[in-house]
Novice: 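The structure that follows is given in the form of structure tokens.
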2 protein chains.
Amino acid sequence: MKPLDKSFWICYYVIVIGNDNKNDFFVQTRPIMKMNKRATIKQVAKAAGVSTQTVSRVINNRPDVSSETRERIQQVILEMDYRPSALARSLIQQRSFTLGVVTAGLKYFGPSRTLNGITSMAEELKYALLLEDLPHFDSEDIKPLLQDLISHHVDGIVWAVPEVGDNRRWVDEILMDVPVPVVFLTMQARAGVSTVSVDNYAGGVLATRHLLELGRRHIGHISGPLDWWEARQRKQAWQETLQKAGIRATDNHWVEGNWSSSSGEIAFEQLLQSNPEMDAIFVANDQMALSVLHTACRRGLVVPRDLAVVGFDNFAESAYFWPALTTVNHNHHELGCRAVQEVVKQIEAVHRNERIESQTVLLSTELVVRDSSICK
Amino acid sequence: MKPLDKSFWICYYVIVIGNDNKNDFFVQTRPIMKMNKRATIKQVAKAAGVSTQTVSRVINNRPDVSSETRERIQQVILEMDYRPSALARSLIQQRSFTLGVVTAGLKYFGPSRTLNGITSMAEELKYALLLEDLPHFDSEDIKPLLQDLISHHVDGIVWAVPEVGDNRRWVDEILMDVPVPVVFLTMQARAGVSTVSVDNYAGGVLATRHLLELGRRHIGHISGPLDWWEARQRKQAWQETLQKAGIRATDNHWVEGNWSSSSGEIAFEQLLQSNPEMDAIFVANDQMALSVLHTACRRGLVVPRDLAVVGFDNFAESAYFWPALTTVNHNHHELGCRAVQEVVKQIEAVHRNERIESQTVLLSTELVVRDSSICK
DNA sequence: CTGAAAGCGCTAACAC
DNA sequence: GTGTTAGCGCTTTCAG
């Protein structure tokens with residue numbers, strides 16, 4: 001038997017379909033063929049009867065090819081379904097048009113929306129994305145990860161991991177060894193580092209002021225875990241806004257949660273004990289606010305009459321909580337977009353041998369007033 | 001002035017910090033230096049006084065190097081912070097250890113959890129991930145996208161876009177031209193195609209049977225958009241389960257939503273009109289179920305006494321709806337993991353010149369009973 | 001055990 | 001306009 005043409009491989013497919021709750025299944029095989037090889041520039045050149053250089057010129061839209069040759073080559077390219085190898089190009093051009101993206105907690109609402117912003121802007125700017133998702137926010141040794149990205153020749157890095165604990169400790173030591181621009185999301189501004197963050201402090205002020213303006217004077221707070229920079233910002237805004245209004249915010253008036261609905265429930269119960277006069281509460285995210293609404297309802301408290309509730313994040317379902325949740329809106333998508341824009345700007349600058357300037361961007365927030373704070 | 005050493009570039013960083021709601025900002029500049037170049041195998045070889053091949057042997061843990069030479073080279077590698085170029089390796093080895101991942105609707109709950117599963121399994125199996133996110137579920141021309149992935153030499157592709165409309169129309173025409181294994185998520189089984197999906201039909205049966213067992217006889221349904229395969233499966237399960245129980249499910253008994261909470265509200269209002277006897281409802285996802293709870297509450301209906309509600313997806317907040325939502329749980333994370341395992345299995349097989357077999361995997365679901373269906 | 005030569009797919013720099 | 005040469009960073013083959 002003649003050996004198979006190496007450019008094809010034959011596959012036999014087996015289908016196994018389980019029926020629900022039974023062990024029945026049926027099997028079906030069918031051979032199908034797959035082309036095994038991408039076309040190379042050499043093959044195209046040979047087929048068109050020119051040198052690889054000329055093909056390269058056509059691919060890159062260089063002017064110095066006769067229109068006759070160009071057309072012939074383009075024809076061949078179409079026929080052979082040829083696409084130049086991005087890898088080989090990256091090697092020779094010392095530019096990959098690829099961004100490394102490092103995320104954490106992709107399963108949560110915020111990070112994935114941010115990633116969505118990153119993908120859309122990267123697509124727009126024609127950059128490919130190499131994705132790494134950290135298993136924990138407070139990651140151990142990030143050096144191997146950085147080296148991995150660099151070994152893939154990424155042109156820049158978007159560090160889309162929020163600042164938690166001292167998970168930025170490596171920045172000062174290692175960042176200067178990273179040979180490409182890096183932009184950080186959601187972290188405290190630092191000299192010499194580009195960051196893009198939401199203005200959590202301003203958002204916290206909006207929320208707290210809103211409750212003050214409604215005449216509430218016993219305003220509690222459920223914070224996020226305080227090793228999160230964002231949680232500290234929101235809490236600080238609550239505290240300082242109350243102080244400016246001449247109201248003391250003591251330790252009886254707030255409890256630390258961990259962002260989850262279940263932690264919100266526990267925190268709220270605690271707060272009801274320590275601060276029975278409480279007539280309003282600013283909760284550091286909508287998930288926890290949801291369980292506050294839930295628990296209040298169960299306890300016979302009427303929101304907002306007995307307790308006004310304001311959340312943070314404005315996640316898609318908040319408008320359908322019962323009652324609909326007043327919350328602070330901010331734009332995760334925009335966050336990702338801006339980060340990509342910034343890192344690409346720096347890449348371009350480096351490429352033109354210009355010096356680059358780091359920028360700290362703070363995105364604004366807005367209050368979305370719904371039924372959980374205003375009595376109808 | 002002496003020209004700068006080409007292996008360094010100097011950057012001046014400018015920090016701009018906006019104060020909330022004021023136009024104040026301050027600027028700070030500081031020059032910092034970044035190393036410009038990754039070390040190459042050549043430089044390592046030179047520094048260690050050996051040839052590049054010997055370094056290569058050390059990198060790849062080949063046995064045939066004297067332990068003396070090996071140690072010296074490893075020392076140099078550490079000092080120079082050298083990592084081999086994944087690009088160059090991919091080129092020569094004709095293997096990139098990179099998977100192309102195509103998603104859609106990353107901003108939604110399900111797809112991002114699935115991506116999380118993909119990242120964690122890819123990490124475990126030491127594959128890098130090239131991410132593309134489609135702006136729409138029902139995508140126009142996917143050929144350029146596939147070509148783009150192939151031009152990046154991905155070893156396999158995970159198509160994590162749910163089957164919507166005829167967005168699988170290209171499969172029969174184009175798939176055999178794709179020179180690497182492809183695994184599809186969330187789609188109807190087809191001959192010759194590997195798929196991994198959740199058993200939506202079985203889940204729908206669980207939900208409907210549960211309501212029947214509670215003695216409900218007027219069970220409505222709010223479906224997802226019926227151009228979605230998943231939505232059709234869930235609806236069909238509802239319909240057929242009722243029929244098997246001797247109950248007719250006519251067009252008065254269901255309305256089509258679009259997965260969003262707002263569509264769920266509208267659909268529910270409609271259903272209340274067309275089917276006033278309704279004493280239970282199976283809603284095709286938790287978001288829409290949320291607005292059903294919300295609307296029922298507003299209308300003075302008591303859940304579950306007047307209306308038992310079952311959702312689908314078990315998203316993290318469902319336990320904190322009011323009342324807590326009974327729903328069908330399935331594992332988005334697992335979905336991503338299985339897809340990566342499957343595609344890597346096929347890649348390995350191709351690499352060993354074995355024939356590969358396609359498999360249809362259906363992940364099971366389970367009912368999570370909470371307060372929205374069972375009267376206490 | 002180690003090194004020299006060739007080449008993965010492509011493009012920059014130069015020739016003609 | 002077009003082809004030739006060299007080389008991006010690495011590994012494979014083969015010679016010593």
Side-chain angles (χ1 to χ4, degrees), chain A residues 6 36-74 76-77 80-98 147-148 150-155 179 351, chain B residues 6-7 36-73 77 80-98 147 150-155 179 351:
Chain A
K6 281 209 79 174
N36 194 19
K37 287 237 155 220
R38 313 164 55 261
T40 70
I41 197 171
K42 226 186 216 165
Q43 293 164 349
V44 174
K46 197 170 164 190
V50 293
S51 74
T52 60
Q53 191 47 237
T54 308
V55 177
S56 172
R57 286 187 185 104
V58 171
I59 298 168
N60 295 290
N61 279 318
R62 296 286 160 70
D64 48 356
V65 184
S66 75
S67 58
E68 193 188 350
T69 316
R70 162 167 279 121
E71 270 171 38
R72 191 171 72 245
I73 293 176
Q74 271 163 345
V76 173
I77 287 177
M80 302 182 73
D81 201 27
Y82 166 76
R83 292 294 310 264
S85 157
L87 255 51
R89 276 182 139 155
S90 303
L91 248 194
I92 193 93
Q93 296 184 148
Q94 301 288 60
R95 251 192 118 171
S96 64
F97 290 94
T98 301
Q147 286 185 319
D148 193 43
I150 292 162
S151 87
H152 280 272
H153 296 223
V154 296
D155 291 336
H351 200 242
Chain B
K6 281 208 78 175
S7 72
N36 193 20
K37 287 238 155 218
R38 312 162 56 261
T40 70
I41 198 172
K42 224 185 217 166
Q43 294 164 351
V44 174
K46 197 170 164 189
V50 293
S51 73
T52 59
Q53 292 70 6
T54 308
V55 178
S56 173
R57 286 187 185 101
V58 172
I59 299 168
N60 295 292
N61 280 318
R62 296 284 161 71
D64 47 355
V65 184
S66 73
S67 58
E68 190 188 354
T69 317
R70 163 169 277 120
E71 270 172 40
R72 191 170 75 245
I73 293 177
I77 286 178
M80 303 182 72
D81 200 29
Y82 166 75
R83 293 294 309 265
S85 158
L87 254 50
R89 276 183 141 156
S90 303
L91 249 193
I92 194 94
Q93 297 186 145
Q94 301 290 59
R95 249 191 120 171
S96 65
F97 290 94
T98 301
Q147 286 185 319
I150 293 163
S151 87
H152 280 271
H153 295 223
V154 296
D155 291 336
H351 200 243

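Proteins come first, then strands; the chains are lettered A, B, ... in the order of their sequence lines, and each starts at number 1.
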Novice: How long is the line joining CE of A:M80 and P of C:dG9, in whole Å?
Specialist: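 From A:M80 CE to C:dG9 P: 12 Å.
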
Novice: What is the 5' to 3' range of DNA chain D, first to last nucleotide, that sits under 4.0 Å from any heavy atom of chain B?
Specialist: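 So the contact region on DNA chain D extends D:dC8 to D:dT12.
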
Novice: When the nearest nucleotide of DNA chain C is assigned to A:R89 and to B:A88 on a heavy-atom basis, which residue is associated with the more 5' position?
Specialist: B:A88

Novice: Answer yes or no: does a side-chain N or O of B:R57 lie under 4.0 Å from OP1 or OP2 of C:dC1?
Specialist: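 No, B:R57 has no side-chain N/O under 4.0 Å of OP1/OP2 on C:dC1.
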
Novice: Among all residues two or more places apart in sequence or in another chain, which pass the side chain to side chain donor-acceptor pair (under 3.5 Å) test with A:T69?
Specialist: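 Side chain to side chain donor-acceptor pair (under 3.5 Å) check on A:T69 returns A:S66.
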
Novice: Could you pull out the closest heavy-atom pair between A:R38 and B:S151, with the gap in Å?
Specialist: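 Nearest pair, atom of A:R38 first, then B:S151: NH2-CA, 3.9 Å.
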
Novice: Walk me through it: do B:R70 and B:I73 pass the test side chain to side chain contact (heavy atoms under 4.5 Å, CB included)?
Specialist: CA-CA 5 Å; B:R70 163 169 277 120; B:I73 293 177; 5.9 Å; no

Novice: For the pair A:R89 (side chain) and A:P84 (backbone), establish whether a donor and an acceptor sit closer than 3.5 Å, ignoring hydrogens and angles.
Specialist: no

Novice: Using a 4.0 Å cut-off on heavy atoms, which residues in residues 61-71 of chain A reach DNA chain D? List them by number, or say none.
Specialist: A:D64, A:V65, A:S66, A:T69

Novice: So which heavy atom on A:G49 is nearest to which on A:R72, and how close?
Specialist: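 Taking every non-hydrogen atom into account, O-NH2, 4.3 Å.
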
Novice: Figure out the CD/P separation between B:Q94 and C:dC10, and round it to whole Å.
Specialist: 11 Å

Novice: With nearest nucleotide decided by heavy atoms, which residue, B:Q93 or B:T54, maps closer to the 5′ end of DNA chain C?
Specialist: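 Looking at the nearest nucleotide for each, B:T54 comes out on the 5' side.
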
Novice: Taking side chain as C-beta onward, heavy atoms only, is B:Y82 less than 4.5 Å from B:I59?
Specialist: yes

Novice: My understanding is that only residues two or more places apart in sequence, or in another chain, count here; which of them pass salt bridge (charged side-chain N to carboxylate O under 4.0 Å, His left out) with B:R95?
Specialist: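 For B:R95 the salt bridge (charged side-chain N to carboxylate O under 4.0 Å, His left out) partners, ignoring immediate neighbours, are B:E348.
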
Novice: When the axes are fitted on five pairs at both termini, how much does the helix from C:dC1-D:dG16 to C:dC16-D:dG1 curve, in 10° steps?
Specialist: 50°

Novice: Considering only heavy atoms from C-beta outward, does the side chain of B:H152 approach that of B:S96 to under 4.5 Å?
Specialist: no

Novice: Return the value, rounded to whole Å, for the distance between atom CG of A:N60 and atom P of C:dA12.
Specialist: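 A:N60 atom CG is separated from C:dA12 atom P by 7 Å.
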
Novice: For A:V76 versus A:A48, what's the shortest heavy-atom pair and its separation?
Specialist: CG2-CB, 3.9 Å

Novice: Checking the side chain of B:S90 only, and the main-chain atoms of B:A86 only, is there a donor and an acceptor separated by less than 3.5 Å?
Specialist: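 Checked: pair present.
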
Novice: Would you indicate whether the side-chain heavy atoms of B:D81 and A:Q147 approach each other to under 4.5 Å?
Specialist: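 With C-beta onward as the side chain, the pair touches.
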
Novice: In whole angstrom, give the distance that lies between atom CZ of A:R95 and atom C1' of C:dT11.
Specialist: 15 Å

Novice: Just by distance, do the side chain of A:R57 and the backbone of A:D64 share a donor-acceptor pair under 3.5 Å?
Specialist: no

Novice: Does C:dC10 have OP1 or OP2 sitting under 4.0 Å from an N or O in the side chain of A:S56?
Specialist: no

Novice: So, OP1 or OP2 of C:dG9: does either fall under 4.0 Å of a side-chain N or O from A:S85?
Specialist: no

Novice: Compare all side-chain heavy atoms of B:V55 with those of B:K42 and state whether any distance is below 4.5 angstrom.
Specialist: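 No - every pair of side-chain heavy atoms lies 4.5 Å or more apart.
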
Novice: Taking A:V44 as the fixed residue, which of A:I77, A:V58, A:V50 is the one that meets the side-chain contact (heavy atoms from CB on, under 4.5 Å) rule?
Specialist: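 Only match with A:V44 under side-chain contact (heavy atoms from CB on, under 4.5 Å): A:I77.
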
Novice: Taking N or O atoms only and anything under 3.5 Å, show me the protein contacts with nucleotides 5-7 of chain C, one pair per line.
Specialist:
{"from": "C:dA5", "atom 1": "N6", "to": "B:Q53", "atom 2": "NE2", "distance (Å)": "2.3"}

